[in-house]
Amino acid sequence: MLRCIAVLDGSIDPFSLVQANVDGAREAGATVRNHCRVASMELEEGAVVRVKALDRRSGAAFSIAPEVVVNAAGAWAPQVAAMAGCEVAMGLDQGSMLVADGRLCGAVVNRLHPPSDGDIAVPNHTATVLGTTSRPAASPEDVAPSHDDMELLLRETSAMLPALRHCRVVRAYGGVRPLPGEGGRGVSRTFSLITDERAGNLLSVVGGKLTTYRLMAEKVSDWVCQALGARAGCRTRAEPLGPPADEAGGSVALARLRRKYGFKAGAVPLTDQRMLCSCEQVLRAEAQMVLGGPDALTLSDVMRRTRAGMGYCQGLDCALSLLEMMAEAGGTEPLASLTEFLEERERGQALASDDQLRQEVLRRHVLRGVYGLGERE
Ligand SMILES: Cc1cc2nc3c(=O)[nH]c(=O)nc-3n(C[C@H](O)[C@H](O)[C@H](O)COP(=O)(O)OP(=O)(O)OC[C@H]3O[C@@H](n4cnc5c(N)ncnc54)[C@H](O)[C@@H]3O)c2cc1C
């Protein structure tokens, strides 16, 4: 290494960010329908008059008569637009990432060269996320990382962070970037708003990056307001997502919760400090707080919010206790929730090796064995 340069960069917890947006929308009067899928649209005289959707948990169908429809389905935007007979051109680009146990850096670490594979390490709570790769994807579901991806990511990122050579990789996963045009590393990460006269009240927002999502939201809101004849100015750039966290101070436990939940840390009932997930040091009280809200409908929802089940053992230690808490709180179908959780966790273990593989074999035997859930195909 010849030289290091400090730059202004940052990282976010994507799950908390999504939750903060959901909370903000709800406070502004939105009705939020999680775990639902748009199945079809009906058109009359060049406008969408009915959107039919399905609750994926209950299987119940319902419909909405919209004034405007915003298609923000990411890599699935062409499929959603097609329901209204519209076309959206998009390139799909697969990227793989690894989660290494341990927070090995306090800030984002990048290789100083043109964007390339394996050139970034991002601290995220108790872990370090290593990324990423780039290849054309056949579909939005074509996300699986390969052994080659894994080797490349470890080789390249451990040149920046040598301690990675001694870390356990607890998860390998992938995603698909929705890009304008054909996709690929060289393609601009800009975004576009697409309308089509075949469905005049449908707007598709395509491309972009997470970094630009507030700007994308502003442009979409402006379009919606114009379509509805509303004259209010967009407030998204001025309005924070929730209040700032309380001032520093208090116990070590409270400081940890503040880093995780921001201003909501005070809502965790610290009277119950029993441990739920020892890998990620999650208290039962944290799960209780999340289960008290309207958005924790499945085991995976609670995991995304609290990190219970994201550590070494991938839920062996906590999944059944958590399920018991959810069953007591009501409103969940335990076996369906456990099955979905196991499938989601197992996708990230397809490339597990060494200690993590041994851990994974034990986990599958215990969790699938207890409930006779069998093996995935
Ligand atoms: C490997 C990788 C690394 C990345 N790194 C960065 C980075 O460092 N910085 C950055 O800024 N960006 C990064 N990005 C890009 C960023 O992740 C995306 O721009 C962002 O996630 C897009 O968000 P979105 O909400 O538009 O789409 P998504 O997050 O894909 O959300 C679309 C949603 O639509 C839902 N949906 C699909 N079909 C339907 C339907 N019929 N009915 C209802 N819902 C439906 C899907 O379930 C999904 O939840 C990266 C992407 C990848 C893949």
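Every number for a ligand or one of its atoms is a count from 1 in the order of the listing. Keep in mind it's a predicted model, so treat the numbers as computed, not measured.
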key: Residue G175 vicinity, atoms of ligand 1 by number, heavy atom under 4.0 Å   = 53 (C)
task = Tell me, please: is C36 in heavy-atom contact with ligand 1, that is, under 4.0 Å?
result = yes
inquiry  = Whether D55 and R57 form a salt bridge (side-chain N of Lys/Arg under 4.0 Å from carboxylate O of Asp/Glu) is what I want to check.
reply    = no
ask   = Please state which protein non-hydrogen atom is closest to atom 38 (N) of ligand 1 and give its distance, to 0.1 Å?
value = W76 CB, 3.5 Å
task = May I ask you to decide whether R256 forms a salt bridge with E280, counting only side-chain N to carboxylate O separations under 4.0 Å?
result = no
query = Which heavy atom of the protein is the closest neighbour of atom 27 (O) of ligand 1, given with residue, atom name and distance?
reply = G74 CA, 3.5 Å
message = For T132, which part has a heavy atom under 4.0 Å from ligand 1: side chain, backbone, both, or neither?
response = side chain
ask   = Looking at atom 23 (O) of ligand 1, would you say a protein heavy atom lies below 4.0 Å from it?
value = no
request  = Take atom CD of E42 as the centre, draw a 6.0 Å sphere, and report whether it contains more than 12 heavy atoms from other residues, nucleotides or ligands.
outcome  = yes
Geometric N/O contact T211 with ligand 1, under 3.5 angstrom = yes
task = Indicate whether atom 51 (C) of ligand 1 is within a distance of less than 4.0 angstrom of some protein heavy atom.
result = yes
query = Which heavy atom of the protein is the closest neighbour of atom 9 (N) of ligand 1, given with residue, atom name and distance?
reply = K209 CE, 3.7 Å
task = Return the residue, atom name and 0.1 Å-rounded distance of the protein heavy atom closest to atom 4 (C) of ligand 1.
result = R177 NE, 4.4 Å
query = Does some non-hydrogen atom of the protein lie less than 4.0 angstrom from atom 14 (N) of ligand 1?
reply = no
key: Heavy-atom nearest neighbour in the protein, as seen from atom 45 (C) of ligand 1, with distance rounded to 0.1 Å   = A73 CB, 4.4 Å
message = For the residue pair Q349 / R364, report whether a side-chain donor-acceptor contact shorter than 3.5 Å exists.
response = no
key: For R37, atoms of ligand 1 separated by under 4.0 Å from a heavy atom   = 40 (C), 41 (N), 42 (N), 43 (C)
request  = Could you check atom 25 (O) of ligand 1 against the protein and tell me its nearest heavy-atom contact, residue, atom and distance included?
outcome  = A72 O, 4.5 Å
ask   = Salt-bridged, D301 to R304, with N to O below 4.0 Å?
value = yes
key: 4.0 Å protein heavy-atom contact status of atom 35 (C) of ligand 1, strictly under   = no
task = Tell me, please: is G208 in heavy-atom contact with ligand 1, that is, under 4.0 Å?
result = yes
task = Assess the side chains of T132 and R177: does a donor N or O sit below 3.5 Å from an acceptor N or O?
result = yes
ask   = What atoms of ligand 1 come closer than 4.0 angstrom to any heavy atom of V176?
value = 53 (C)
task = Determine yes or no for a side-chain-to-main-chain donor-acceptor pair under 3.5 angstrom, with N110 supplying the side chain and D119 the backbone.
result = yes
request  = Please check if a non-hydrogen protein atom sits closer than 4.0 Å to atom 31 (O) of ligand 1.
outcome  = no
task = State whether the shortest distance between N or O atoms of L210 and N or O atoms of ligand 1 falls below 3.5 angstrom.
result = yes
key: Protein heavy atom at shortest distance from atom 39 (C) of ligand 1   = V80 CG2, 4.3 Å
Closest approach of L152 to G118 (non-hydrogen atoms, all atoms of both residues) = CD2-N, 4.0 Å
query = Is there a protein heavy atom at a distance of less than 4.0 Å from atom 47 (O) of ligand 1?
reply = no
task = Measure the distance from atom 42 (N) of ligand 1 to every protein heavy atom, then report the residue, atom name and distance (to 0.1 Å) of the closest one.
result = V38 N, 2.8 Å
message = Take a 6.0 Å sphere around CD of E44 and say whether it holds more than 12 heavy atoms from other residues, nucleotides or ligands.
response = no
query = Quick one: do E346 and R368 make a salt bridge, cutoff under 4.0 Å?
reply = yes
inquiry  = Please determine whether side chain to side chain donor-acceptor pair (under 3.5 Å) holds for the pair R363 and Q314, giving the CA-CA distance in whole Å, both sets of side-chain angles, and the decisive distance to 0.1 Å.
reply    = CA-CA 8 Å; R363 193 188 71 101; Q314 295 282 297; 5.9 Å; no
query = Between Q19 and D23, do the side chains contain an N or O donor and an N or O acceptor separated by less than 3.5 Å?
reply = yes
query = Does atom CD of Q273 have more than 12 heavy-atom neighbours from other groups under 6.0 Å away?
reply = yes
task = Using a strict 4.0 Å threshold on nitrogen-to-oxygen distance, state whether R135 and D142 make a salt bridge.
result = yes
request  = Take atom 19 (O) of ligand 1 and look for protein heavy atoms under 4.0 Å from it; say yes if you find one, no if not.
outcome  = yes
query = G95 heavy atoms, cut-off 4.0 Å: which ligand 1 atoms fall inside?
reply = 1 (C)
key: ligand 1-proximal atoms of M97, by part, heavy-atom distance under 4.0 Å   = side chain
ask   = Hey, is R26 close enough to D295 for a salt bridge, meaning N to O under 4.0 Å?
value = yes
